[in-house]
Structures are given as structure tokens and as C-alpha cells.
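Lettering follows sequence order; numbering is per chain, from 1. Since the model is a prediction, treat every value here as computed from it, not as a measurement.
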Number of protein chains: 4
Amino acid sequence: MSGGRGPGRPRDEQAKRAIHEAALDLLVAHGYGKLTIDGIARRAGVGRQTVYRWWPGKADVVLDALTTRAALEIETADLTSFVRATFAVAPRYVPSLRGLMAEAQLDPGFGERFVDQFLGSRRAVLMDLVGRELPDVDPEHAADVVFGTLWYLVLTRPASLTAAYGDRVLALLRSLGRV
Amino acid sequence: MSGGRGPGRPRDEQAKRAIHEAALDLLVAHGYGKLTIDGIARRAGVGRQTVYRWWPGKADVVLDALTTRAALEIETADLTSFVRATFAVAPRYVPSLRGLMAEAQLDPGFGERFVDQFLGSRRAVLMDLVGRELPDVDPEHAADVVFGTLWYLVLTRPASLTAAYGDRVLALLRSLGRV
Amino acid sequence: MSGGRGPGRPRDEQAKRAIHEAALDLLVAHGYGKLTIDGIARRAGVGRQTVYRWWPGKADVVLDALTTRAALEIETADLTSFVRATFAVAPRYVPSLRGLMAEAQLDPGFGERFVDQFLGSRRAVLMDLVGRELPDVDPEHAADVVFGTLWYLVLTRPASLTAAYGDRVLALLRSLGRV
Amino acid sequence: MSGGRGPGRPRDEQAKRAIHEAALDLLVAHGYGKLTIDGIARRAGVGRQTVYRWWPGKADVVLDALTTRAALEIETADLTSFVRATFAVAPRYVPSLRGLMAEAQLDPGFGERFVDQFLGSRRAVLMDLVGRELPDVDPEHAADVVFGTLWYLVLTRPASLTAAYGDRVLALLRSLGRV
DNA sequence: CCCTAATCGAGACGGTACGTCCGGTCTTGTG
DNA sequence: CACAAGACCGGACGTACCGTCTCGATTAGGG
């Protein structure tokens with residue numbers, strides 16, 4: 001059960017990493033709008049089919065590259081550090097995040113995956129923390145406000161993203177609880 | 001006041017309207033991702049060049065159509081009615097708004113136009129109202145929170161957009177002022 | 001009967017000349033393949049419609065310009081001087097002639113006009129001279145050989161066009177008569 | 001002799017043949033002037049890019065189709081049969097030949113290819129035969145006269161093309177030799 | 001030590017949209 | 001009326017990507 005591999009050449013893990021890197025490199029270099037599967041494959045030194053074999057399209061490549069790289073980078077111990085870390089870390093991923101959210105609007109299939117899995121998992125963490133630390137606050141609503149503000153900055157004024165802004169949003173959440 | 005028309009055949013205003021309508025019709029019918037300049041021109045009964053003559057791309061067509069149609073639909077007299085109306089009216093424009101925000105991420109040129117003009121004018125209204133009615137609240141921050149929450153719903157959970165949600169965000173603004 | 005003109009602004013003869021010159025200038029500058037009605041009108045300082053009002057298309061503009069300019073440039077007194085002059089003068093009109101023959105192949109309507117009128121009138125002159133000076137030679141065949149050789153050089157090896165080549169073709173005609 | 005195939009999917013020879021046939025079919029059906037790359041691709045059941053991948057434009061497609069189809073159709077054993085066959089076979093290819101010669105005038109790049117390769121190879125055969133059978137005749141001049149007359153008929157009076165006309169031109173060549 | 005099977009790089013394939021160019025027509029105001 | 005200007009519809013151009021396919025070569029088990 002462990003490997004579960006039948007015959008045939010095994011998947012090349014190095015190609016996977018090369019594709020991840022190529023995608024992120026090109027993304028920051030020229031923007032998501034100019035990102036192409038062919039460009040990724042070329043830069044990764046890989047056949048185009050190898051990309052399509054593992055991912056449905058460039059959005060999923062980027063999403064996979066992002067989640068692989070950003071895994072566990074954010075503290076989830078308490079509400080304050082989670083929100084601060086979320087805002088603090090965001091600037092590093094602005095190009096990817098903008099592209100992913102754009103694609104989610106254009107491709108309904110990817111949109112569902114993106115909202116349910118990527119956004120959903122982060123919402124779940126925040127809602128859990130709010131439920132524990134701010135029992136008077138509606139976790140759903142808190143998530144909308146926190147992530148709404150975060151994404152609005154990511155999409156329209158990324159230069160304003162700072163850890164300090166996370167503190168302001170935290171203050172907002174607490175003022176909500178006091179009502 | 002002279003009209004400023006020089007020689008030559010004047011612009012066909014009917015074609016302009018036909019293009020606007022065609023763009024919005026196709027947008028709601030098949031989604032922004034499948035919207036095509038050629039498709040718009042065909043449905044409007046117009047040559048493709050006529051579209052390119054007046055707009056740089058499909059995003060600007062949609063933006064122009066939207067602002068033409070939605071002009072003065074929103075009450076700007078006081079903060080409460082503005083925010084409520086903004087949330088109440090949003091569901092009607094979800095397909096357009098999602099497409100425009102997506103394009104703003106993919107095309108930096110359009111992104112700047114979109115943020116500065118379309119989003120900027122709405123921010124200006126809100127900030128003015130906040131400045132008058134909630135003097136203790138930072139208008140910039142208020143705009144980020146209100147429009148951030150609005151856009152987050154538009155982009156990820158459009159079914160949740162209701163006038164009632166506008167009231168919740170208003171309450172949030174007021175709790176901010178009380179701190 | 002002299003003017004015979006009804007009301008309205010009279011035709012601008014200067015524009016006609018400007019169009020002729022513009023067409024020939026652009027033709028030698030960039031080749032018939034890059035010649036456009038719009039380009040001609042622009043350079044002539046004339047509206048596009050003014051060109052279409054007088055000629056069906058660019059080929060007829062060039063043909064008209066050519067026949068206007070080259071009128072009676074060729075001696076038609078005797079066979080020898082006619083053939084020599086025809087070959088001697090040809091190099092000056094190579095760009096126009098190549099374009100006109102090309103258009104005649106692509107546009108059947110213009111082709112008929114071109115063959116019947118432009119080529120036909122020159123054939124008639126040659127056939128008349130042959131009939132008078134070389135009674136043993138079939139005038140039709142002689143025209144095919146003389147103009148065939150001429151056009152072949154115009155179309156494929158214009159650098160070889162010289163008055164001396166006209167003499168060789170004349171010798172050919174005379175050898176035909178001696179058989 | 002190894003075939004010289006590197007990696008990658010090999011060229012689809014059936015598509016090549018389909019494109020050739022489509023081009024010639026459309027050419028005789030509607031004329032070279034209405035021939036379109038897109039039309040060829042459509043009729044051949046082929047993507048447009050596949051045409052552009054192998055040929056620079058429609059003229060080269062037609063030229064390739066023609067030389068592929070007409071290969072070895074003409075006897076080159078002796079002067080008499082070569083000239084007769086050339087005139088006898090020409091009527092079948094009139095639409096293609098007219099289009100190719102037209103394009104050669106409009107597109108200098110194609111013109112050079114056409115004159116050097118297509119016309120040049122036929123000239124070489126004729127000049128070789130003339131050199132062997134009519135040593136008193138200048139082969140270059142003979143080629144100009146024979147092909148000049150042939151092309152003049154192709155371009156302006158295709159109905160006159162017959163094998164008998166080839167005999168007349170042969171007689172002309174022989175009369176030249178006797179001078 | 002071959003045999004089967006899956007992956008790999010490469011690149012051609014059918015499609016579709018792009019943005020540009022030009023043709024030929026029309027609609028203005030001015031002379 | 002003709003004229004300059006210029007917008008209009010139509011349609012071909014050549015390019016760029018998409019996602020699929022077909023090659024020969026490679027790299028693993030399993031017989």
C-alpha cells in the first residue's frame with residue numbers, strides 16, 4: 001500500500017519543483033497576465049505535456065507552487081498573531097494572489113476550488129480563533145471583514161499592506177465585540 | 001459649447017449604445033471569461049474596428065457600459081443610505097464587477113484606470129460622507145473596510161450580498177467611531 | 001454645348017493631377033503591392049472619396065496616370081523605330097507595368113480593360129506596321145512574340161531591358177519573314 | 001539518408017496533401033484573387049497555423065502544390081517535344097500560373113523565389129536543349145522568346161494556348177538558327 | 001534480461017481570439 | 001454639386017496560446 005506504484009517510469013519530482021519555480025519566477029517578472037503554460041514549461045526545461053499531466057492549467061500550477069512554498073509560514077496560535085502575520089506576509093505574495101483571484105473570476109471551475117480550498121482553509125482558522133477569543137463576534141462576519149479588507153488592499157493598493165494595518169483590523173474586530 | 005466637431009462623419013451614438021448593450025448582454029449570458037471583442041461587435045451589428053476605435057479593449061467597453069447605465073443609481077445624500085444602496089445594488093452588477101476586477105489584475109494599464117477612476121470616485125463619496133458624519137473615524141480606513149468587505153463578497157460569495165449586509169457594515173463603522 | 005455642365009461645384013482638375021503624381025510616386029517608392037487608395041489620397045491631399053469618384057480602384061488610377069504621362073512618347077512611324085522605342089522606354093515604366101499586369105490577373109474586370117484597351121492599342125500599332133513592312137509575317141504572331149518577349153523581361157528580368165534587345169527582336173521578326 | 005527526424009511529432013503528410021488539393025481546388029473555383037489562407041485551411045480541415053508553419057503565404061502553397069503535381073509531366077528529351085509539351089500542358093495550369101506571376105510582382109521576396117527556382121529550372125532545361133540542338137542560337141535569347149511568348153499568352157489570351165502554337169515558336173527558333 | 005507500462009522532452013496538430021490593415025461606402029460641414 | 005475629413009461595416013492578415021496528439025528515448029517494476 002505504501003508506494004502503490006505499478007510499472008512504468010515514476011514521476012519526476014525534480015520537474016515538479018522546476019515547474020513551481022519557473023511559474024513563480026515568470027509571474028513576478030512579467031505578471032500573471034503574461035504567464036503562459038508554454039513559457040513555464042520552457043523555463044523549467046520541461047515538455048508542455050508534463051505540466052498538463054499534473055495540473056489543469058496555469059492557475060493551479062501557481063496555486064500549488066504558492067501553497068507548497070508558503071506552507072505553515074503563518075502562526076495560527078492566537079488571533080492577534082494570525083491576523084498580524086497574515087497582513088505581514090501578504091506583500092510577498094501579491095503577484096500570485098492577484099493572479100489567482102483574477103483567474104477565479106474568469107474560470108468558474110478554478111474559482112470554486114480556490115474559494116473552497118485555499119480561501120476556505122484560511123477562513124476556517126480565523127473563524128476558529130474568533131470563536132475562541134471573541135465569543136460575542138459572529139465568526140463569519142469577522143472573516144468577511146478581515147479577509148475583505150486584506151484582499152481589497154492586495155487587489156487595488158498593495159503598497160498599503162503592512163503588519164500595522166493588521167493591527168488596525170484587529171482593533172476593529174475588538175470594537176465589534178464590545179458593542 | 002460649440003460642440004467642438006470638426007469635419008468628417010460624426011460618431012454614431014447608436015452604435016455606441018448597441019455596443020454597450022451587446023457587451024452587457026453577452027457578459028451576463030456567458031461570463032466575462034468568454035466575452036470577446038468580435039462577439040460584442042457581431043451582436044451589436046458593428047465592425048470590429050469600430051469597437052477598437054473607441055475603447056482599448058473589452059474591459060473598457062464593459063466599464064463604460066456599466067458607468068453609463070449605473071449613473072446616479074445610488075443615493076449619495078447620507079452615509080446610511082449610500083452604504084445600504086451600494087450593497088443593495090451590487091448583486092445586479094456582480095458579473096461585470098467580477099470581470100472588471102479580474103481584468104484589472106491582468107492588465108496593469110486598465111488596472112490603474114479602474115482603481116483611480118471607477119473605484120476612486122466611489123471611495124471619494126464614501127470618505128466625504130464619513131468625514132461629515134463620523135468625524136472620529138479615519139475615512140481612508142473606513143473606505144478600505146466597507147469596500148473591502150463588499151468586494152470580497154462580490155468576488156467570492158456573491159450570494160451573500162444583501163442590503164442587510166450593508167447595515168452590518170454600517171454598524172461596524174459606528175462601533176469604530178465609538179472607540 | 002461647350003461646358004455642358006449643370007449646377008454644382010466643378011471637378012477639380014488639379015486634384016486629378018495630384019492623384020496621378022501621388023500614385024506614381026508611391027508606386028516607385030514602395031512598390032505596387034504596398035500601394036493603397038488611402039495612401040494615394042493622403043499624399044495627394046485629397047479625400048478618399050474623390051479617388052473613388054473617378055476611378056474604380058488603384059489599378060485604374062495607375063493606368064490612367066501612366067497613359068496620361070506616356071502619351072505619344074513612342075514613335076509609330078515605322079516598325080524599326082517602334083520596336084526599338086518600345087524596348088528603350090520600357091525600363092522607365094517597369095514598376096507601373098508590373099503592378100498593372102499583376103492586377104489584371106487578380107481582378108478579371110480590370111484584366112479585360114487592360115488587355116483590350118491598353119495592350120490592344122499597342123498591338124494594333126505593331127500589327128499595322130508588320131502588315132505594311134513584312135507582308136510574309138503573320139501580324140498576330142509577330143505581336144505575340146514581340147510583346148511576349150518584352151513583357152517577360154518586364155516581369156521577370158527588368159534589368160535586361162535595353163534598346164539593343166529591341167534590335168534582336170526585330171532581327172527575329174525579319175528572320176521569320178525570310179522563311 | 002537517416003531521414004533526419006529529431007524528436008517531436010512528425011509532420012502530417014496527409015495534411016500537406018490536403019492543403020495542396022484545397023489550394024488548387026479553390027484556385028480554379030474562385031480565382032487566385034479570392035484565394036485565402038483561411039479558406040485553404042478550412043477546406044483542408046486544418047488549422048491556419050499549420051499552413052503558416054510550412055509556407056510563408058498562399059503563393060508558396062500554390063507553387064508547392066503545382067510543382068508537386070506537375071512533376072515530370074513534361075518530356076525533356078529533345079527540344080521539339082519539350083516546347084510542344086510545354087505549350088500543350090500550359091492550359092491546364094493557367095489559373096495557377098496567372099496567380100503566381102501576379103504575386104511575384106506584388107511580393108518581391110516571392111518574386112525572387114519564383115523567378116530563380118520555378119522559372120529558372122525550366123529555363124535551364126530549354127537552354128540546355130537549345131545549346132545541343134541549335135548551336136548557332138543564343139540560349140538565353142531563345143529562352144526569352146519561347147517563355148516570353150508562352151507567358152504572354154498565359155497572362156493575356158489563355159484561350160490561344162495550344163500545342164500547335166508550340167510548333168510555331170519552334171519554327172521561329174529554327175529560323176533564328178539559319179540566320 | 002527482456003517485457004510491459006508510464007513518464008519524459010519535443011514539437012506538430014485543430015482551434016480561437018487577438019489587434020491591424022485595407023477596401024469600398026456613408027455622412028458630416030464648407031465652398 | 002464636389003470637396004476634405006473621417007466614421008462605418010466587412011473581412012483577411014499574421015501571431016499567440018490553448019489543450020491534445022504523436023514521436024523516440026528513458027526508467028522503472030515484474031516475469
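Atom-to-atom, CZ of C/R42 to P of F/dC3 comes out at 19 Å; the value is rounded to the nearest Å. At whole-Å resolution of the value, CG in A/D107 and C1' in F/dC18 are 13 Å apart. Summarising the geometry, the separation between CH2 on C/W55 and C1' on E/dG23 is reported as 17 Å, rounded to the nearest angstrom. A/K58 places its NZ atom 14 Å from the C1' atom of F/dG19, with the value rounded to the nearest Å. The distance from atom CG of B/L26 to atom C1' of E/dA17 is 15 Å, rounded to the nearest whole Å. The interatomic distance linking B/R43 (CZ) with F/dG10 (P) rounds to 16 Å, in whole Å. Atom CG in D/D60 sits about 15 Å away from atom C1' in F/dG14, given to the nearest Å. Atom CG in D/L106 sits about 15 Å away from atom C1' in E/dC22, given to the nearest Å.
At a threshold of 4.0 Å, the pair A/R42-A/D38 counts as salt-bridged, since one of the basic side-chain nitrogens sits closer than that to a carboxylate oxygen.
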task: Sugar-phosphate atoms are those with a prime plus P, OP1 and OP2; base atoms are the rest. Using that split, label each nucleotide of nucleotides 10-15 of chain E B, S or - for protein heavy atoms under 4.0 Å, 5' to 3'.
output: BBBBBB
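Proximity of A/L155 to A/R98: side-chain heavy atoms (C-beta onward) are separated by under 4.5 Å at one or more points. B/L63 is not listed as a side-chain neighbour of B/W55, based on a closest heavy-atom distance of 4.5 Å or more. By the 4.5 Å heavy-atom criterion applied to side chains, B/M101 and B/L119 are counted as neighbours.
With hydrogens and angles ignored, the 3.5 Å screen pairs a side-chain donor or acceptor of B/T68 with a backbone N or O of B/D64.
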message: I'd like to know whether D/V154 forms a side-chain contact (heavy atoms from CB on, under 4.5 Å) with D/Y93, so could you lay out the CA-CA distance, the side-chain angles of the two residues, the decisive distance to 0.1 Å, and finally the verdict.
response: CA-CA 9 Å; D/V154 166; D/Y93 300 108; over 6 Å; no
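Within residues 30-38 of chain A, the residues that have a heavy atom under 4.0 Å from DNA chain F are, in order of number, A/T36, A/I37, A/D38.
From B/L35, atom CG reaches atom CG of A/L106 across 10.5 Å, with rounding to the nearest 0.5 Å. The CG atom of D/L97 lies 10.0 Å from the CD atom of C/Q105; values are rounded to the nearest 0.5 Å.
Residues B/A104 and B/F114 come closest through the heavy atom pair CB-CD2, 3.7 Å.
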